[in-house]
Protein chains: 2
Amino acid sequence: MSELTGTASVSRLRRELARGTVELVVLSILNTGRCYGYELLKLVEQAGAGRLEVKEGTLYPLLHRLEDTGQITASWEAVGRTRPRKYYAITAGGRGHLQMLRTEWTDLVNGMQQLLHTLDDARLTDPPAEEAP
Amino acid sequence: MSELTGTASVSRLRRELARGTVELVVLSILNTGRCYGYELLKLVEQAGAGRLEVKEGTLYPLLHRLEDTGQITASWEAVGRTRPRKYYAITAGGRGHLQMLRTEWTDLVNGMQQLLHTLDDARLTDPPAEEAP
DNA sequence: ACCCGATACCTTGTCATACAAGGTATCGGG
DNA sequence: CCCGATACCTTGTATGACAAGGTATCGGGT
């Protein structure tokens, strides 16, 4: 039967929230060293401690996009193996972009924090403020 | 002329990151007290301290969606004014949903933090780990 | 011998959402 | 008299996450 009971991997809502996050995650990992697609899948799972998830259908297109925009470079390697791997490495441009993404991420997080905080001590003490007729 | 120069409101990337956030923001505000659409627009701007932004084209459809799913209720009020306002109030269901959204938000933030942290001390000290042939 | 799961890559089609752009209507100034 | 602010709304476009499905190899199990 279809999974109605919560825990089953990331929820729809969560997925919506995660929008745009994947790029940050992938670039962050590649920033610590080159690796191939399938490896990234596993790494995110591990490093995200079950709270982050990236699907193949998301990852591969993203990698291609990042390559097209010159943020990463790809190279096939099959040396001691039959099944070749496509290794990705971050470029200088990619690092710049990552920096930007990080800033925007913390900005967003701070904005949310700020908002939730402001709400508590401003709105509650400051009623409708209906302009006098 | 079109605005090419940076600072002009939230960037495309940022917008991608903000996906799904708006719902959390709106419900959070409504949780502190009822208000009308146009007011929400201004409140987000204020409370978000310029780091958050919601556009009309985003807000109104969202409010309708939230109403349709019973998370908020609406009521027109035009008492001492000609131009009527549509006031929104959060429901019990909405509060439940908000709770969930908050959990998922902090979960995501924590996941990111965890990932970035793990990356620093795990990946860098732990080279490719190429399986021995 | 044969099938399966893991490894490894990829694609197409669907869905939801943010938003730009455009529209309606009232009021108070300049 | 027109404009900007207040206040609501809609349609169309872009994009990205993902489910589902596909290709190919290798090493077990039975």
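Every chain is numbered from 1 and lettered A, B, ... according to where its sequence line falls, protein lines coming before strand lines.
- A:Gln71 pairs in a side-chain contact (heavy atoms from CB on, under 4.5 Å) with only one of the listed residues (A:Glu23, A:Arg95, A:Arg65), which is A:Glu23.
- Distance A:Leu40 CG to D:dA17 P: 15 Å, rounded to the nearest Å.
- Across the protein-nucleic acid pair, B:Lys42 atom NZ and D:dG4 atom P stand 15 Å apart, rounded to whole Å.
- OP1 or OP2 of C:dA25 has not a single side-chain nitrogen or oxygen of B:Arg83 nearer than 4.0 Å.
- Atom CD1 of B:Ile72 and atom CG of B:Leu98 lie 12.0 Å apart (nearest 0.5 Å).
- Going from atom CG of B:Leu52 over to atom CD of B:Gln46 covers 13.0 Å, rounded to the nearest 0.5 Å.
- Residue B:Tyr38 places none of its side-chain N or O atoms closer than 4.0 Å to OP1 or OP2 of D:dC8.
- Taking the charged nitrogens against the carboxylate oxygens, B:Arg102 and B:Glu104 have no contact shorter than 4.0 Å, which rules out a salt bridge.
- The separation between A:Leu66 atom CG and D:dT15 atom P is 15 Å, rounded to whole Å.
- Remark: the backbone N or O of B:Leu116 is not paired with any side-chain donor or acceptor of A:Ser28 at under 3.5 angstrom.
- Rounding to whole angstrom units, CG of residue B:Leu108 and P of D:dA17 are separated by 12 Å.
- No contact: A:Val54 has no heavy atom under 4.0 Å from any strand.
- Using a 4.5 Å heavy-atom cutoff, the side chains of A:Tyr36 and A:Glu77 are not in contact.
- By the 30° and 60° cut-offs, the orientation of the rings of B:Trp105 relative to A:Trp105 is tilted.
- Between B:Tyr36 and D:dC8 there is no side-chain N or O to OP1 or OP2 distance below 4.0 Å.
- Following rounding to the nearest Å, A:Leu59 (CG) and D:dA19 (C1') show an atom-to-atom distance of 15 Å.
- In this entry the distance linking CD of B:Glu39 with P of D:dA7 reads 8 Å, nearest Å.
- Taking atom CG on A:Leu24 and atom C1' on D:dG16, their separation rounds to 16 Å, with Å as the unit.
- Put simply, CD1 on A:Ile29 and CZ on A:Arg34 are 15.5 Å apart, with the number rounded to the nearest 0.5 Å.
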Strictly under 3.5 Å: I want the nitrogen or oxygen pairs between protein and nucleotides 10-12 of chain C, one per line.
from, atom 1, to, atom 2, distance (Å)
C:dC10, OP1, A:His64, NE2, 3.4
C:dC10, OP1, A:Lys86, NZ, 2.8
C:dC10, OP2, A:His64, NE2, 3.4
C:dC10, N4, A:Glu56, OE1, 3.2

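- Nearest nucleotide to the B:Arg65 side chain, out of C:dT17, D:dC8, C:dC9: C:dT17.
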_For DNA chain C, the dot-bracket pattern of Watson-Crick and G-U pairs whose distances stay under 3.5 Å, | for other-strand partners_ = ||||||||||||||||||||||||||||||
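- Taking NZ of B:Lys42 as the reference point, atom CG of B:Leu40 lies at 11.5 Å (rounded to 0.5 Å).
- Following rounding to the nearest Å, B:Leu41 (CG) and D:dT6 (P) show an atom-to-atom distance of 11 Å.
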